[in-house]
Protein chains: 2
Amino acid sequence: MSKRSGILEFAVLGLLRESPMHGYELRKRLNTSLGIFRAFSYGSLYPCLKTLVVQGYLVEETGPEPDPLTVPLAGRRAKIVYRLTAAGKEHFEELLAHSGPDAWEDEHFAARFAFFGQTSRDVRMRVLEGRRSRLEERLERMRASLARTRERLDDYTLELQRHGMESVEREVRWLNELIETERAGRPGGTKPQPAPGGSDERDNQQQSGGEPGPRVTRDD
Amino acid sequence: MSKRSGILEFAVLGLLRESPMHGYELRKRLNTSLGIFRAFSYGSLYPCLKTLVVQGYLVEETGPEPDPLTVPLAGRRAKIVYRLTAAGKEHFEELLAHSGPDAWEDEHFAARFAFFGQTSRDVRMRVLEGRRSRLEERLERMRASLARTRERLDDYTLELQRHGMESVEREVRWLNELIETERAGRPGGTKPQPAPGGSDERDNQQQSGGEPGPRVTRDD
DNA sequence: TTCGTCATGTAATGGGTTACATGATTAC
DNA sequence: GTAATCATGTAACCCATTACATGACGAA
């Protein structure tokens with residue numbers, strides 16, 4: 001009942017950091033706005049919110065203060081709006097910076113990336129570089145395994161491996177570009193709240209091959 | 001204790017179809033040879049094997065028949081070699097053909113693809129096309145969501161979505177090529193046991209952009 | 001004789017899902 | 001007044017993981 005450590009918690013804190021919301025709305029944003037996350041269900045979202053409240057990272061606010069005078073009904077079930085506390089904000093900051101051992105895995109990385117707009121540049125750099133080196137390890141192992149088993153596998157398996165490797169390679173290139181852009185960006189050390197003006201030189205035509213990593217799954 | 005329905009079961013059956021193996025070896029092949037699968041742990045593998053035995057899809061064979069005369073030791077703990085039964089083979093075939101609702105998701109698809117060498121052409125076609133239409137649905141939703149929220153998101157979120165969409169688009173193109181190759185291939189309807197001779201015209205230079213889909217994760 | 005690797009397992013836990021149950025509000 | 005969708009939740013399960021425990025076998 002206490003150990004919440006998943007993408008969901010992270011994403012909830014991140015979204016709530018931008019503005020208070022109630023559960024239903026939260027879930028929608030999880031599925032659509034961010035584009036990255038697989039569709040979390042209410043079955044996981046609501047319990048998660050509860051424990052975050054218990055931990056003191058969130059506070060519930062019952063209803064948008066509808067002026068008790070105009071709404072005399074007693075048992076009126078109101079929307080529960082969740083607001084991030086100071087402790088919650090701090091906790092989120094820690095999660096961003098801390099970078100546990102699995103922080104570079106696909107979904108964890110995607111989740112972090114999704115909140116880059118709220119992240120300081122040095123943390124962004126660490127995340128991007130961490131992800132990159134994780135992918136490079138992956139490539140290493142794939143290359144090794146491929147060399148070991150070459151010719152002993154049928155064409156389909158080979159094609160699958162080749163395809164997988166290319167995907168990873170592409171993502172590495174993508175990361176390289178992002179890192180370079182990041183390096184060249186305004187040297188200001190922190191919080192570019194609205195949006196990073198950088199990365200505009202090259203328009204969105206077709207170069208700059210975007211790639212595989214960030215998992216996109218179905219929303220509702 | 002009865003409902004085994006995961007990638008693991010599928011992969012185990014598929015690997016065992018090629019040849020009998022014991023658990024330890026099985027796990028290694030799961031992690032490396034196939035390249036696709038995330039590293040399954042013994043904690044999931046062995047229980048899985050047990051239930052498959054109970055279900056009659058596998059039989060255990062204790063040790064490689066080391067000739068009882070030469071090895072008189074009584075309690076000699078032997079390797080347990082698992083062999084696919086006829087029922088097991090049939091079951092695997094069903095799983096391949098059946099195509100439940102989540103059969104087109106990333107890992108399920110990758111697992112199926114990994115056994116294409118043992119799969120009939122029409123099933124291969126169905127799998128590839130199923131995957132493709134699933135991805136196209138995904139694209140549809142992504143485009144819609146992007147159109148809805150354009151300009152209201154910061155550059156990073158946008159970049160992430162763009163990147164995600166490109167990944168999906170690339171995989172669609174990859175599938176298109178595979179499907180075309182499949183269509184053009186030898187018209188023989190079934191089991192190209194060793195390897196499909198097709199898809200050789202275009203060498204592995206750089207066209208035919210391979211892409212994102214099949215999840216590759218770390219092995220041990 | 002000790003270390004690494006092969007080899008097999010179990011118990012507790014984790015992070016999520018589905019299916020279900022309920023009720024309020026809005027649009028027709 | 002009824003259907004869709006907004007809104008909140010619970011219980012049971014799923015598929016896997018980690019950490020742990022055991023032991024055989026080969027090579028240094």
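Per chain, numbering begins at 1; letters A, B, ... match sequence-line order. Computed from a predicted model, the values in this text were never measured in an experiment.
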**Q** D/dT17 C1' sits how many Å from A/Glu105 CD, rounded?
**A**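 Whole-Å distance recorded here is 14 Å.
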**Q** Taking only residues two or more places apart in sequence, or in another chain, which ones meet B/Ser133 in a side chain to side chain donor-acceptor pair (under 3.5 Å)?
**A**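 So B/Ser133 forms no side chain to side chain donor-acceptor pair (under 3.5 Å) with any residue.
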**Q** Calculate the interatomic distance between B/His22 atom NE2 and D/dC25 atom P; express it in whole Å.
**A**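 My rounded result for the distance is 13 Å.
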**Q** Does A/Tyr46 have any ring-ring contact (aromatic ring centres under 6.0 Å, His included) partners at least two apart in sequence or in another chain, and if so, which?
**A**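 A/Tyr42.
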**Q** Measure from CZ on A/Arg27 to P on D/dC6 and round the result to the nearest Å.
**A**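 Those two atoms, CZ and P, are 11 Å apart.
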**Q** With sequence neighbours left out, what residues match A/Tyr57 under ring-ring contact (aromatic ring centres under 6.0 Å, His included)?
**A**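 For A/Tyr57, the residues satisfying ring-ring contact (aromatic ring centres under 6.0 Å, His included) (neighbours in sequence not counted) are A/His91.
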**Q** Check whether any side-chain N or O of B/Lys79 sits under 4.0 Å from OP1 or OP2 of D/dC25, and answer yes or no.
**A**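 The answer is no; no side-chain N or O of B/Lys79 sits under 4.0 Å from OP1 or OP2.
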**Q** My understanding is that only residues two or more places apart in sequence, or in another chain, count here; which of them pass side chain to side chain contact (heavy atoms under 4.5 Å, CB included) with B/Glu129?
**A**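 Here the qualifying residues are B/Met125, B/Arg132, B/Ile179, B/Arg183.
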**Q** Checking side-chain contact (heavy atoms from CB on, under 4.5 Å) against B/Leu58, which of B/Val81, B/Leu84, B/Thr51 comes through?
**A**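 Testing each of B/Val81, B/Leu84, B/Thr51 against B/Leu58, the sole residue satisfying side-chain contact (heavy atoms from CB on, under 4.5 Å) is B/Leu84.
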**Q** When you match B/Glu60 and B/Tyr24 each to their closest nucleotide on DNA chain C, which lands nearer the 5' end?
**A**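 Going by which nucleotide is closer to the 5' end, it is B/Tyr24.
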**Q** Look at the side chain of A/Ile80 and decide which nucleotide, out of D/dT8, D/dT17, C/dT8, has an atom nearest to it.
**A**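 Per side-chain heavy atoms of A/Ile80, the pick is D/dT8.
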**Q** Figure out the CD/C1' separation between B/Glu107 and D/dA16, and round it to whole Å.
**A**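 Value for this atom pair: 11 Å.
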**Q** Would you mind telling me which of D/dT18, D/dA16, C/dG9 lies closest to the side-chain atoms of B/Ser41?
**A**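 Out of D/dT18, D/dA16, C/dG9, the nucleotide with an atom closest to B/Ser41's side chain is D/dT18.
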**Q** On DNA chain C, does the nearest nucleotide to B/Tyr46 precede the nearest nucleotide to A/Leu45 from the 5' side, or the other way round? Give the residue.
**A**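 Nearest-nucleotide comparison on DNA chain C picks B/Tyr46.
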**Q** In degrees, rounded to 10°, what is the bend between the two ends of the helix from C/dT1-D/dA28 to C/dC28-D/dG1, using five pairs at each?
**A**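 End-to-end axis angle for the helix from C/dT1-D/dA28 to C/dC28-D/dG1: 20°, rounded to 10°.
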**Q** Report the residues that fulfil side chain to side chain contact (heavy atoms under 4.5 Å, CB included) with A/Ala97, sequence neighbours left out, ordered by chain and then residue number.
**A**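 Counting only residues at least two positions away or on another chain, A/Ala97 forms a side chain to side chain contact (heavy atoms under 4.5 Å, CB included) with A/Arg126.
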**Q** Under 4.0 Å, heavy atoms only, any strand: does B/Gly23 hit a base, just the sugar-phosphate, or nothing?
**A**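 If one applies the 4.0 Å heavy-atom cut-off, B/Gly23 turns out to touch the sugar-phosphate alone, with no base involved.
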**Q** B/Ser44 has a side chain; which of D/dA16, D/dG9, C/dG16 sits nearest to it?
**A**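 The closest nucleotide is D/dA16.
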